[in-house]
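What follows is one structure encoded as structure tokens, with my remarks underneath.
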There are 2 protein chains.
Amino acid sequence: MYPAFRSNCPIASALDLFGDKWTLVVLRTIFAGRHRFGELGGMAEPIATNMLADRLQRLEDFGLIERRVYSERPPRHEYWLTPRGADALPILQAMAAWSQQHIPDRWASPGWFAEGVPQDFYPKP
Amino acid sequence: MYPAFRSNCPIASALDLFGDKWTLVVLRTIFAGRHRFGELGGMAEPIATNMLADRLQRLEDFGLIERRVYSERPPRHEYWLTPRGADALPILQAMAAWSQQHIPDRWASPGWFAEGVPQDFYPKP
DNA sequence: CGGGATCCTAGTGGATACTG
DNA sequence: CAGTATCCACTAGGATCCCG
């Protein structure tokens with residue numbers, strides 16, 4: 001269930017858990033208020049459904065998110081952060097802050113997530 | 001020279017720059033006081049020399065590190081953080097803090113980098 | 001010592017079709 | 001709607017050898 005950790009370094013271990021192309025992007029989207037599979041699949045960065053399903057499964061296995069199933073037709077599933085997942089926010093904020101400082105031209109554009117993002121999600125540049 | 005950015009999101013952009021298996025681990029090692037190619041190649045996480053060379057090249061292209069060449073025999077090269085690279089420290093610290101909170105059993109062990117790491121590099125658990 | 005050049009593999013990732 | 005299954009392409013990554 002857990003990946004093979006490369007070392008005892010906490011940084012390397014964190015990267016072994018969610019240091020791939022998609023995991024933190026998916027997590028960011030959940031932070032931003034998207035909770036359903038379809039919403040996550042429709043984010044700005046196109047992701048294949050099998051990739052998305054795989055990352056959600058892993059995040060659930062690692063205890064970062066929780067899956068809620070509603071008995072409706074059509075079925076509705078939602079993914080919510082656990083406290084453990086919510087604690088990853090500083091990582092995302094630190095990345096956002098770095099980008100805003102050092103790739104400002106990209107960030108100057110309206111941004112893809114103007115609405116739907118918590119007020120203080122992206123730190124002020 | 002720059003990667004293809006997936007979107008305008010600063011988080012996704014940061015991940016496009018250094019969200020792979022090795023880049024942040026290499027950066028961490030430089031933060032920890034290793035500056036020579038051989039030292040970086042000898043870190044706890046075994047990395048192939050071509051991988052290391054590639055990541056160092058990219059980090060230099062992105063302006064995160066600076067390459068210093070000394071005219072000696074045998075030759076000596078050193079890689080040092082630029083201000084832009086040093087600004088990535090909060091990202092590493094946030095990852096380390098998360099790991100220490102949520103994968104404590106791994107961190108409880110002596111750690112691979114007891115000496116050589118700046119005093120406040122890993123936040124207190 | 002610090003890489004570059006090769007070659008090779010594994011796994012990531014993508015498109016499409018299909019199902020409860 | 002929320003996935004799974006299948007097949008396929010690509011490239012990140014690794015091992016080894018070699019050279020200034």
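We use all heavy atoms of the structure for the numbers below, so side chains are in, but hydrogens, waters and symmetry mates are not. Bear in mind that the values here come from a model prediction, so they are computed numbers and not experimental data. First the proteins, then the strands, lettered A, B, ... as listed; each starts at 1.
Between A:Leu15 atom CG and A:Arg6 atom CZ the span is 6.0 Å, to the nearest 0.5 Å.
An OP1 or OP2 oxygen of D:dA12 is reached within less than 4.0 angstrom by no side-chain nitrogen or oxygen of B:Trp22. Taking 4.0 angstrom as the limit, B:Arg76 places none of its side-chain polar atoms (N or O) nearer than this to OP1 or OP2 of C:dG2. The side chain of B:His77 places no N or O atom within less than 4.0 Å of a non-bridging phosphate oxygen (OP1 or OP2) of C:dC1. Using a 4.0 Å cut-off, no side-chain N or O of A:Lys21 falls inside it from OP1 or OP2 of D:dA12. Dashed line: the shortest gap from a side-chain N or O of B:Arg67 to OP1 or OP2 of C:dG3 is under 4.0 Å. For the pair A:Arg55 and C:dG13, the criterion of a side-chain N or O lying under 4.0 Å from OP1 or OP2 is met. OP1 and OP2 of D:dA2 both lie 4.0 Å or more from every side-chain N or O belonging to A:Tyr70. The side chain of A:Arg36 contributes no N or O atom lying less than 4.0 Å from OP1 or OP2 of D:dC1.
A heavy-atom distance below 4.5 Å is found between the side chains of B:Phe5 and B:Leu17.
Atom-to-atom, CG of A:Leu40 to C1' of D:dA2 comes out at 11 Å; the value is rounded to the nearest Å. If you take CZ of B:Arg68 and P of C:dG3, they are 15 Å apart, rounded to a whole angstrom. Taking atom CD1 on A:Ile47 and atom P on D:dG3, their separation rounds to 13 Å, with Å as the unit. In this entry the distance linking CD of B:Glu60 with P of C:dG2 reads 15 Å, nearest Å. We find that CG of A:Leu52 is positioned 14 Å from P of C:dA15, with the value rounded to whole Å. Rounded to a whole Å, the CE atom of B:Met51 is 13 Å from the C1' atom of C:dA5. A:His35 places its NE2 atom 13 Å from the P atom of D:dA2, with the value rounded to the nearest Å. In this structure, A:Leu56 atom CG and D:dC1 atom P are separated by 17 Å, rounded to whole Å.
When atom types are taken as modelled, the side chain of A:Trp98 and the backbone of B:Arg84 share a donor-acceptor pair closer than 3.5 angstrom. Side chain of A:Glu39 to backbone of A:His35: a donor-acceptor contact under 3.5 angstrom is found.
For B:Arg36 and B:Trp80, the positive end is not near the middle of the six-membered ring at less than 6.0 Å and at most 45° from its axis. Both tests pass for B:Arg76 against the ring of B:Tyr70: distance under 6.0 Å to the centre and angle within 45° of the axis.
Under the 3.5 Å distance criterion, with hydrogens and angles disregarded, a donor-acceptor pair is assigned to the side chains of B:Thr23 and B:Asp20. A:Ser7 and B:Glu45 share a donor-acceptor pair across their side chains, judged by distance under 3.5 Å alone.
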For nucleotides 16-19 of chain D, list the nitrogen or oxygen atoms of the protein found under 3.5 Å from its nitrogen or oxygen atoms, one pair per line.
none

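Mapping B:Phe37 and A:Asp20 onto DNA chain C by nearest heavy atom places B:Phe37 closer to the 5' end of the strand.
When heavy atoms are screened at a 4.0 angstrom cut-off, B:Arg73 is found touching no nucleic acid atom at all.
Of all nucleotides listed (D:dA12, C:dC1, D:dG3), C:dC1 comes nearest to the side chain of B:Pro75.
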